[in-house]
Amino acid sequence: VNYGPDPWLQTSWDWRAAANFMAGGAGCGLLLAASVAGGPRWLYAAGAALVCAGLLAVLAKIGRPWRALNVFAHPGRSWMSREALVAPPLLVAALAASFGVSGAAPLAGALALGFVYCQGRILQAARGIPAWRSPVTTPLIVAIALAEGVALWLLLSGRSAGLGVWAGFALALAASIMLHQLWRNSLGAAPRARVAAERAGRPVVAALLFSLAAVVPVVLAPLPEDIGFALQWLAGAVALAGGAWLKFTLVTRTGFNQGYALAHVPVRGAGREGSAR
Amino acid sequence: MTRWAMVADLRRCVGCQTCTAACKHANATPPGVQWRSVLDMEFGEYPEVQRVFVPVGCQHCAEPPCVEVCPTQATKRRADGIVTMDYGICIGCAYCAVACPYQARYKTDRASYAYGRAGAHEQRRFDPDRLAVATKCTFCVERIDDGLARGLTPGRDPDATPACVNACIADALAFGDLDDPHSTVATLLREQRHFRMHEELGTAPGFYYLWDREPR
């Protein structure tokens with residue numbers, strides 16, 4: 001039995017920190033999707049721009065933004081250091097891919113996967129927040145980034161998605177839904193975080209399920225091109241919104257600490273008279 | 001080796017907050033920042049109720065999550081167990097604040113004073129290096145290092161002992177070297193039942209709570 005006050009919501013990280021996971025994750029997902037599925041080269045620039053937007057949001061949040069380069073001057077074993085170290089080569093590779101440099105696209109995709117993995121581990125390493133330190137957090141962040149990436153590809157590519165893209169989309173969505181459920185179940189010992197996760201998770205699961213359901217008619221019964229495009233756009237937009245909401249709420253709504261807890265309460269009258277020293 | 005640690009006797013603490021005031025005075029922390037604070041907890045239902053005062057703050061963990069996550073190595077753990085902050089390197093990302101399971105970290109973005117405008121004492125002690133960076137209890141590391149340099153013993157000689165321990169009116173707080181079997185803290189932990197907070201997280205805190213007289 002633990003004794004102590006109820007946990008409360010952390011206030012150290014706000015929407016700006018969440019924006020890094022939202023924009024960075026979606027941008028990395030887009031880079032990965034573009035490196036696998038192809039599409040216009042400017043998709044790589046769009047992915048890089050999203051990653052930059054996320055990093056700029058972090059810059060707006062940190063107390064001493066002019067010292068941000070200290071992350072490179074004194075890198076530690078932190079996953080935040082690793083994320084920062086992956087960012088420059090990722091952005092260079094993405095820009096190179098946008099100019100059609102040979103070999104840059106798969107490199108950008110691989111680095112994007114590394115970047116988003118670091119983002120998952122950043123949250124998981126926050127041992128003060130039960131909802132973040134769950135072992136399911138990293139796979140969930142990676143899976144949702146993949147789903148968002150394909151969603152962005154469906155929205156931006158201007159191409160009719162082939163079966164391979166739809167299959168990848170369905171796989172990423174299904175994995176995200178399953179991992180989201182596992183993640184919520186992992187919060188059993190943190191009731192307040194669990195309640196917040198349940199509440200915030202309803203629209204997320206609804207959005208991901210909707211997008212997953214949208215795959216079925218496209219695959220089973222080829223639709224007229226304009227309807228197919230509309231469905232593709234809708235499925236992408238809804239999945240993207242669901243993923244963004246998941247990460248926003250993960251940071252700002254479910255980030256309860258575990259409060260203080262006593263393993264025992266003191267036994268009164270058992271001490272020695274006078275000083276304990 | 002030396003392992004500095006603190007012991008709080010939950011049976012003795014009366015919740016007077018003198019340690020909190022002493023810490024604020026010694027470290028000139030701004031309003032709302034309490035490197036050492038005392039929680040006032042109530043448990044149970046009438047007539048079986050209990051009130052407990054619990055001193056909290058940085059636990060100077062042997063496996064500190066804050067050190068692990070710091071992206072600039074501004075937070076470090078010394079060989080003697082004290083977890084330190086380098087304000088000059090910290091970028092104020094507050095990652096350490098969300099990684100700490102003990103809510104021991106503070107970040108204040110702008111200067112604030114107890115009565116609006118800075119008093120003479122606050123003006124004199126104001127440290128701009130502490131703005132927009134993470135701050136926390138240091139076990140009064142300057143006093144410890146200075147005392148050691150003068151041949152004093154932390155935990156026994158007040159000039160080498162953290163301010164909160166010196167100030168405690170109930171002898172509820174003790175400080176010393178865990179690796180010295182004759183130190184107060186080693187003796188207390190050997191003779192009395194104790195626990196550490198959130199031990200299941202693997203942080204191995206250097207802050208112990210005594211709760212019963214019986215030996216383990």
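Numbered from 1 within each chain, the chains take letters A, B, ... in sequence-line order.
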Report which part of Arg133(A) has an atom under 4.5 Å of a heavy atom belonging to chain B: side chain, backbone, both, or neither. side chain

Is chain A contacted by the side chain of Val7(B), its backbone, both, or neither, given a heavy-atom distance below 4.5 Å? neither

Measure distances from Thr187(B) to the heavy atoms of chain A and classify the residue's part below 4.5 Å as side chain, backbone, both or neither. neither

Residue pair Val133(B) / Arg67(A): nearest heavy atoms and the distance that separates them: CG1-NH1, 3.7 Å

To the nearest 0.5 Å, tell me how far Glu68(B) CD sits from Ser78(A) OG. 8.5 Å

Max heavy-atom pairs within cutoff under 4.5 Å with chain A, candidates Pro65(B), Ala74(B), Cys13(B), goes to Pro65(B)

Could you name the residues of residues 243-258 of chain A that have a heavy atom within less than 4.5 Å of a heavy atom in chain B? Asn257(A), Gln258(A)

Is the backbone N or O of Leu131(B) less than 3.5 Å from a side-chain atom of Arg64(A), with the two atoms forming a donor-acceptor pair by type? yes

Chain B shares the most heavy-atom pairs under 4.5 Å, among Trp13(A), Phe72(A), Trp79(A), with Trp13(A)

Run Leu262(A) and Met41(B) through side chain to side chain contact (heavy atoms under 4.5 Å, CB included) and show every step you take. CA-CA 10 Å; Leu262(A) 305 183; Met41(B) 296 184 182; 3.9 Å; yes

Can you check whether Val56(B) reaches Tyr260(A) side chain to side chain, under 4.5 Å on heavy atoms? yes

Which pair of non-hydrogen atoms, one from Pro266(A) and one from Arg11(B), has the smallest distance, and what is that distance? CB-CG, 3.6 Å

Output for pair (Trp8(A) CH2, Gln103(B) CD), nearest 0.5 Å, gives 4.5 Å

Determine whether a donor-acceptor pair (N or O, by modelled atom type, separation under 3.5 Å) exists between the side chain of Asp212(B) and the backbone of Val267(A). no

Portion of Tyr106(B) that has a non-hydrogen atom of chain A nearer than 4.5 angstrom: neither

Contact check, side chains of Val69(B) and Arg127(A), non-hydrogen atoms, under 4.5 Å: no

Taking Gly259(A)'s backbone N and O only, do any of them form a donor-acceptor pair with His198(B)'s side chain (distance below 3.5 Å, no angle check)? yes

I need the Asp109(B) CG to Ile62(A) CD1 distance, nearest 0.5 Å. 11.0 Å

When only heavy atoms count and the cut-off is under 4.5 Å, which of residues 90-99 of chain B reach chain A? Cys90(B), Ile91(B), Gly92(B), Cys93(B), Ala94(B), Tyr95(B), Ala97(B), Val98(B), Ala99(B)

Are any side-chain N or O atoms of Gln73(B) and backbone N or O atoms of Pro75(A), one a donor and one an acceptor, separated by less than 3.5 Å? yes

Answer yes or no: are there more than 12 heavy-atom neighbours, outside Arg199(A) itself, under 6.0 Å from its atom CZ? no

Tell me, out of Pro71(B), Cys100(B), Ala134(B), who's got the most heavy-atom pairs with chain A below 4.5 Å. Pro71(B)

Is there a side-chain contact between Cys70(B) and Met80(A) in this structure, where contact means two heavy atoms from C-beta onward sitting under 4.5 Å apart? no

Residue pair Val265(A) / Trp211(B): nearest heavy atoms and the distance that separates them: O-CE3, 3.5 Å

Here the pair of heavy atoms bringing His74(A) nearest to Thr72(B) is CB-O, 3.0 Å

Engaged part of Trp132(A) at the chain B interface, taking heavy atoms whose separation is under 4.5 Å: side chain

Ala68(A) versus chain B, the contacting section by heavy-atom distance below 4.5 Å: backbone

Under 4.5 Å heavy-atom distance to chain A, tell me which part of Arg156(B) shows up: side chain, backbone, both or neither. neither

Residue Arg16(A) versus chain B: region with a heavy atom under 4.5 Å: neither

